[in-house]
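Each remark here refers to the structure printed beneath this line.
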Amino acid sequence: MPRVDAGLTGEQRRVLLSAESGLRDLPWRRTRDPWSVLVAEVMLQQTQVARAEHRWVAFLKRFPTTAACAEAPLSELLEEWAGLGYPRRARNLQLTAIQVESNGGVIPNRLEDLLTLPGVGPYTARAVLAFAFEEDAAIVDTNLGRILARRAGRPLGRAEAQAQADAWLPSGQSWAWNQALLDIGALRCRPQAPVCTGCPVRRTCAWARASWPAPDPAAGSAAVSTRQAKFEGSARQARGRLLRAAQQGAVSPEGLSAAAGLEGQADAQARARAVADSLVSDGLLERDGASNWVISGTTPNP
DNA sequence: TAAACGTGGGC
DNA sequence: TGCCCACGTTT
């Protein structure tokens with residue numbers, strides 16, 4: 001563990017000290033295995049820490065390597081993913097495992113290569129660099145986006161936020177630095193009622209120094225999550241229902257509307273078909289020999 | 001109940 | 001390039 005020492009600003013020293021004095025004890029913080037880190041980061045895309053913790057352990061127990069994940073039937077991945085939401089993340093994870101296997105079985109350690117992997121974007125690529133390879137890379141997720149905007153005292157654009165994060169990162173301390181800021185974002189620099197007392201960033205935080213004037217600079221700033229469209233009655237809801245139904249067994253053309261939970265609604269057939277098509281586009285469903293919808297890669301009943 | 005440790009496609 | 005939108009489920 002590198003010592004927190006000279007060459008750093010006082011602010012950088014304080015942030016790193018906060019990591020030394022104790023980060024949250026999360027299971028993925030105990031590994032540097034690239035596949036394990038990648039699975040964690042994909043799982044944490046739009047899923048809260050509390051819900052991902054035990055699922056990450058179970059997923060890796062079943063698919064400990066990219067080879068194991070690449071070879072498994074998609075239906076098995078979806079079983080392990082059930083309840084986490086956004087199942088195309090599981091599909092992309094498998095496509096990534098397949099791509100890695102076809103390239104020698106080694107997860108890349110360069111940003112541009114990581115970005116070619118399905119489901120790996122600017123955040124996840126840098127998280128793998130920082131948390132698996134301990135290379136200098138500044139992550140910008142909703143937590144960092146919030147911290148950066150408040151510190152700047154104004155909403156930031158995407159490139160601007162990334163540039164500030166890059167400039168802020170102390171060289172050679174990428175792992176601890178990024179983990180520290182994730183905890184500061186989640187526990188202190190929260191969306192509502194931030195806990196600024198004792199915050200290592202407070203002295204350089206423009207928003208705090210100005211006594212938190214409205215509006216919150218994080219609102220509308222890059223990478224900061226925003227409210228979603230209504231879920232009830234949405235295509236997303238129908239997708240979830242149809243995929244769950246297909247996991248129980250092949251869905252016939254006649255049973256499609258009911259499986260998607262759209263029975264009795266106007267344009268039920270057309271809507272259900274559109275929902276099925278979107279799942280096919282994502283590589284989650286396919287048609288079998290009898291035109292039933294089944295999980296991709298599964299064999300129809302003889 | 002609103003919010004939760006993003007990515008990819010379209011314009 | 002950059003903004004908008006779709007994408008699931010749980011507590």
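Given the structure is predicted, the values throughout are model-derived calculations rather than measurements. A, B, ... follow the sequence lines: proteins, then strands. Residue 1 opens every chain.
- One finds no salt bridge joining A:Glu232 and A:Lys230 here, because no Lys/Arg side-chain nitrogen approaches an Asp/Glu carboxylate oxygen to under 4.0 Å.
- The CZ atom of A:Arg91 sits 18 Å away from the P atom of C:dC7 (whole-angstrom rounding).
- Between the side chain of A:Thr31 and the backbone N or O of A:Trp28, no donor-acceptor pair lies under 3.5 Å.
- Counting heavy atoms from C-beta outward, A:Leu17 and A:Glu20 have side chains that approach closer than 4.5 Å.
- Distances from the side chain of A:Gln45 to the nucleotides B:dT7, B:dA3, C:dG2 place B:dT7 closest.
- Within the nucleic acid shown, A:Ala235 comes within 4.0 Å of sugar-phosphate atoms alone, with no base atom in reach, counting heavy atoms only.
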| Between A:Ser174 and A:Asn178, does a side chain to side chain contact (heavy atoms under 4.5 Å, CB included) hold up when you go through it step by step? | CA-CA 6 Å; A:Ser174 184; A:Asn178 285 298; 3.2 Å; yes

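- Using a distance-only test at 3.5 Å, with no hydrogens or angles considered, no donor-acceptor pair links the side chain of A:Arg150 to the main chain of A:Trp207.
- A:Asp25 and A:Arg30 are joined by a salt bridge, as a carboxylate oxygen and a charged side-chain nitrogen come within less than 4.0 angstrom of each other.
- DNA chain C is contacted by no residue of residues 24-43 of chain A, taking any non-hydrogen atom closer than 4.0 Å.
- Comparing the same atom, P, in C:dC4 and in B:dC5 gives a spacing of 23 Å after rounding to whole Å.
- At distances below 3.5 Å, not a single donor-acceptor pair connects side-chain atoms of A:Thr124 with backbone N or O atoms of A:Val42.
- Taking every heavy atom of both residues into account, A:Ala259 and A:Val251 meet most closely at CB-CG1, 3.8 Å.
- Within a 6.0 Å sphere centred on CZ of A:Arg227, other residues, nucleotides and ligands contribute 12 heavy atoms or fewer.
- Remark: A:Thr124 is not in phosphate contact with B:dG6, judged by side-chain N or O atoms under 4.0 Å from OP1 or OP2.
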| message | Show me the dot-bracket string of DNA chain B, counting Watson-Crick or G-U pairs under 3.5 Å, with | for pairs to another strand and [ ] for crossing ones. | response | .|||.||||||

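- Two residues, A:Ala159 and A:Asp282, neighbour DNA chain C, and the one matched to the more 5' nucleotide by heavy-atom proximity is A:Ala159.
- Distance CG (A:Leu187) to C1' (B:dC5): 11 Å, rounded to an integer number of Å.
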| message | Working note: A:Glu41 + A:Tyr123, criterion side-chain hydrogen bond (donor to acceptor under 3.5 Å, both in side chains); need CA distance, chi angles, decisive distance, verdict. | response | CA-CA 9 Å; A:Glu41 295 305 332; A:Tyr123 166 77; 2.6 Å; yes

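- For the residue pair A:Ser171 and A:Asp136, the shortest heavy atom distance occurs at OG-OD2, 3.1 Å.
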Hey, what are the protein-to-nucleotides 8-11 of chain B N/O distances that come in under 3.5 Å?
unit_1, atom_1, unit_2, atom_2, d
B:dG8, OP1, A:Gly119, N, 2.4

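- Within a heavy-atom distance below 4.0 Å of DNA chain B, no residue of residues 53-63 of chain A is found.
- A straight line from CZ of A:Arg227 to C1' of C:dA6 spans 16 Å, rounded to a whole angstrom.
- Rounded to whole Å, atom P of B:dA2 lies 12 Å from atom NZ of A:Lys230.
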Using a cut-off of under 3.5 Å, enumerate the N/O to N/O pairs linking the protein to nucleotides 9-11 of chain C.
unit_1, atom_1, unit_2, atom_2, d
C:dT9, OP1, A:Arg244, NH1, 2.5
C:dT9, O3', A:Gly83, O, 3.3
C:dT9, O2, A:Arg51, NH2, 2.9
C:dT10, O4', A:Arg51, NH1, 3.4

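- The CH2 atom of A:Trp81 sits 18 Å away from the P atom of C:dC7 (whole-angstrom rounding).
- A distance-only check finds a donor-acceptor pair linking the side chain of A:Arg51 to the backbone of A:Gly83 [under 3.5 Å].
- Using modelled atom types, one finds a donor on one side chain and an acceptor on the other under 3.5 Å when comparing A:Thr47 with A:Arg89.
- In the set B:dA3, B:dT7, B:dC5, the nucleotide with an atom closest to the side chain of A:Ala186 is B:dC5.
- Rounding to whole angstrom units, CG of residue A:Leu114 and P of B:dT7 are separated by 12 Å.
- Enclosure of atom CZ in A:Arg287 by more than 12 non-hydrogen atoms of other residues, nucleotides or ligands within 6.0 angstrom is indicated.
- Cation-pi geometry between A:Arg151 and A:Trp168 is met: the NZ or CZ atom falls under 6.0 Å from the ring centre, inside 45° of the normal.
- Atom OH of A:Tyr123 is separated from atom P of B:dA4 by 14 Å (rounded to the nearest Å).
- Sorted by residue number, the members of residues 125-149 of chain A with any non-hydrogen atom under 4.0 Å from DNA chain B read A:Asp141, A:Thr142, A:Asn143.
- A distance-only check finds no donor-acceptor pair linking the side chain of A:Asp267 to the backbone of A:Ala270 [under 3.5 Å].
- Hydrophobic cluster membership differs between A:Leu187 and A:Leu23, with clusters built from Ile, Leu, Val, Met, Phe, Trp and Tyr side chains linked at under 4.5 angstrom.
- For the residue pair A:Glu53 and A:Pro27, the shortest heavy atom distance occurs at OE1-CD, 3.5 Å.
- As a whole-Å value, the separation of A:Glu232 CD from B:dA2 P is 13 Å.
- Checking side-chain atoms of A:Arg29 against main-chain N and O of A:Phe131 turns up no donor-acceptor pair under 3.5 Å.
- Across all strands, A:Ser234 comes closer than 4.0 Å to no nucleic acid atom at all (heavy-atom distances).
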